[in-house]
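The structure appears right after this line, and notes come after that.
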Amino acid sequence: NYLQSGDNEKISKIYDLIIRFPDQMEGFVATFKSHVLKEGDEAVAKLENVLKVDPKAYIETILATYSKYETMVDRALKKDGSFAQAVKDATKIFLNNNVVTHASKFDDRNAELLAKYCDIILTKGHGPVLTEEELDVKLKYVMAIFQLLNDKDGFQKFYEVSLVFLISFEKFKI
């Protein structure tokens, strides 16, 4: 219940109690990982039209779940490495195996969406201009997600196409 509500104060107190009993930690970590996985799956499942999902909405949904639990590990769980790894493991699972990836017939759908998201946040004219600090935070999380991506080569392929198009466009722009 405390994980569901995100009550960091109570989770911290539970952590302080359980850390005294190392044999109980494994179960607590497993419960935490299962919860993060469930939350991620549910968040992605709420996206509309999974066949034509908006890259920004998709990646920011994944980033929101990842950052929420990364912050919980930092604040409530005393940066415990077991819980940090549980967040990464759960995120890797729901990132690479969710309703969007199942709906797509392509193995590199996540790579494509991440590349398009990077293009959106790095290209002017795709919405509100981000401050340098906001961009740094987003890119930090993008790199964390990239590390969890199964198809890193697919990302390179899609981003190269986007970059070539952008360079060609700028060259012929008057």
Side-chain angles (χ1 to χ4, degrees), residues 1-12 14-15 18 24-121 127 130 134-156 158-159:
N1 289 337
Y2 297 135
L3 286 173
Q4 187 70 31
S5 68
D7 191 337
N8 285 341
E9 186 177 319
K10 290 186 178 156
I11 292 168
S12 181
I14 292 171
Y15 175 80
I18 292 181
Q24 299 298 311
M25 281 299 288
E26 192 173 309
F28 193 37
V29 171
T31 300
F32 180 74
K33 180 180 173 182
S34 294
H35 175 75
V36 174
L37 179 57
K38 179 179 173 249
E39 287 282 313
D41 281 339
E42 289 175 357
V44 172
K46 289 178 185 174
L47 294 171
E48 291 183 33
N49 196 354
V50 294
L51 287 174
K52 296 180 182 178
V53 69
D54 172 41
K56 187 172 192 252
Y58 178 71
I59 297 300
E60 288 189 354
T61 297
I62 291 167
L63 292 176
T65 303
Y66 178 80
S67 66
K68 174 183 176 182
Y69 291 103
E70 183 187 55
T71 300
M72 186 180 287
V73 168
D74 287 348
R75 293 184 183 161
L77 300 168
K78 318 289 192 273
K79 298 183 181 182
D80 187 300
S82 298
F83 290 97
Q85 189 60 49
V87 170
K88 288 179 183 175
D89 293 345
T91 303
K92 184 172 184 165
I93 293 168
F94 80 76
L95 168 66
N96 292 295
N97 188 18
N98 59 52
V99 295
V100 172
T101 58
H102 288 287
S104 173
K105 295 192 183 341
F106 306 105
D107 292 336
D108 54 5
R109 183 71 170 138
N110 276 329
E112 176 189 13
L113 292 169
L114 186 60
K116 286 181 178 180
Y117 178 76
C118 288
D119 188 48
I120 289 168
I121 64 171
L130 299 172
E134 292 169 329
L135 186 59
D136 285 346
V137 169
K138 284 192 184 277
L139 290 175
K140 172 192 163 218
Y141 282 118
V142 163
M143 287 308 301
I145 296 302
F146 176 77
Q147 291 173 343
L148 302 173
L149 194 64
N150 282 346
D151 189 15
K152 292 173 182 65
D153 292 336
F155 174 84
Q156 179 182 354
F158 283 106
Y159 205 73

> Below 4.5 Å, heavy atoms only, C-beta onward: do Val142 and Leu114 meet side chain to side chain?
Replying inline: yes

> So, do Phe32 and Val73 sit near enough that their side-chain heavy atoms are less than 4.5 Å apart?
Replying inline: yes

> By side-chain contact (heavy atoms from CB on, under 4.5 Å), which residues pair with Lys140, not counting sequence neighbours?
Replying inline: Glu70

> ring pair (Phe, Tyr, Trp, His ring centres under 6.0 Å) with Tyr2: which residues, sequence neighbours excluded?
Replying inline: none

>> My understanding is that only residues two or more places apart in sequence, or in another chain, count here; which of them pass side-chain contact (heavy atoms from CB on, under 4.5 Å) with Ala57?
In response: Leu47, Asp54

> Taking all atoms of both residues into account, what is the closest heavy-atom pair of Ser67 and Ala64, and its distance?
Replying inline: OG-O, 3.3 Å

> Between Ile59 and Leu113, which heavy-atom pair has the shortest distance, and what is it?
Replying inline: CG1-O, 3.8 Å

>> For Leu3 and Met72: C-alpha separation, side-chain torsions, deciding distance, then whether side-chain contact (heavy atoms from CB on, under 4.5 Å) applies.
In response: CA-CA 9 Å; Leu3 286 173; Met72 186 180 287; 3.7 Å; yes

>> To check you understand the geometry: which heavy-atom pair defines the closest contact between Thr65 and Ala43, and what is its length?
In response: OG1-CB, 3.9 Å

> Does a side-chain N-to-carboxylate-O contact under 4.0 Å join Glu134 and Lys138?
Replying inline: no

>> Main chain of Asn150, side chain of Asn96: is a donor-acceptor contact present, judged purely on distance under 3.5 Å?
In response: yes

> Quick one: side-chain contact (heavy atoms from CB on, under 4.5 Å) partners of Gln24, sequence neighbours excluded?
Replying inline: Ile18, Phe21

>> Quick check: closest heavy atoms across Leu63 and Tyr117, and the distance to 0.1 Å?
In response: CD1-OH, 3.9 Å

>> Using the side-chain hydrogen bond (donor to acceptor under 3.5 Å, both in side chains) criterion, which residues pair with Asp136? Sequence neighbours excluded.
In response: none

> CG/Leu148 to CE/Met143 distance, rounded to the nearest 0.5 angstrom?
Replying inline: 10.5 Å

>> Would you compute the distance between atom CG of Asp119 and atom NZ of Lys56 and round it to the nearest 0.5 angstrom?
In response: 13.5 Å

>> Is it the case that the side chain of Asp108 and the backbone of Ala111 share a donor-acceptor pair, with hydrogens and angles ignored and the cut-off at 3.5 Å?
In response: no

> Please, which pairs that meet salt bridge (charged side-chain N to carboxylate O under 4.0 Å, His left out) have at least one residue in residues 25-38, sequence neighbours excluded?
Replying inline: Lys38-Glu42

> Does Phe28 have any ring pair (Phe, Tyr, Trp, His ring centres under 6.0 Å) partners at least two apart in sequence or in another chain, and if so, which?
Replying inline: Phe83

Which pairs would a plain distance check flag for residues 97-104, meaning a side-chain donor or acceptor within less than 3.5 Å of a matching protein atom at least two apart in sequence or in another chain?
unit_1, atom_1, unit_2, atom_2, d
Asn97, OD1, His102, NE2, 2.5
Asn98, OD1, Val100, N, 2.8
Asn98, OD1, Thr101, N, 3.0
Asn98, ND2, Tyr58, OH, 2.9
Asn98, ND2, Phe94, O, 2.7
Asn98, ND2, Leu95, O, 3.0
Thr101, OG1, Asn98, N, 2.8
Thr101, OG1, Asn98, O, 2.9
Ser104, OG, Phe106, N, 3.0
Ser104, OG, Phe106, O, 3.4

> Please, which pairs that meet salt bridge (charged side-chain N to carboxylate O under 4.0 Å, His left out) have at least one residue in residues 71-94, sequence neighbours excluded?
Replying inline: Asp16-Lys78

> Sequence neighbours excluded, which residues qualify as side-chain contact (heavy atoms from CB on, under 4.5 Å) partners of Glu48?
Replying inline: none

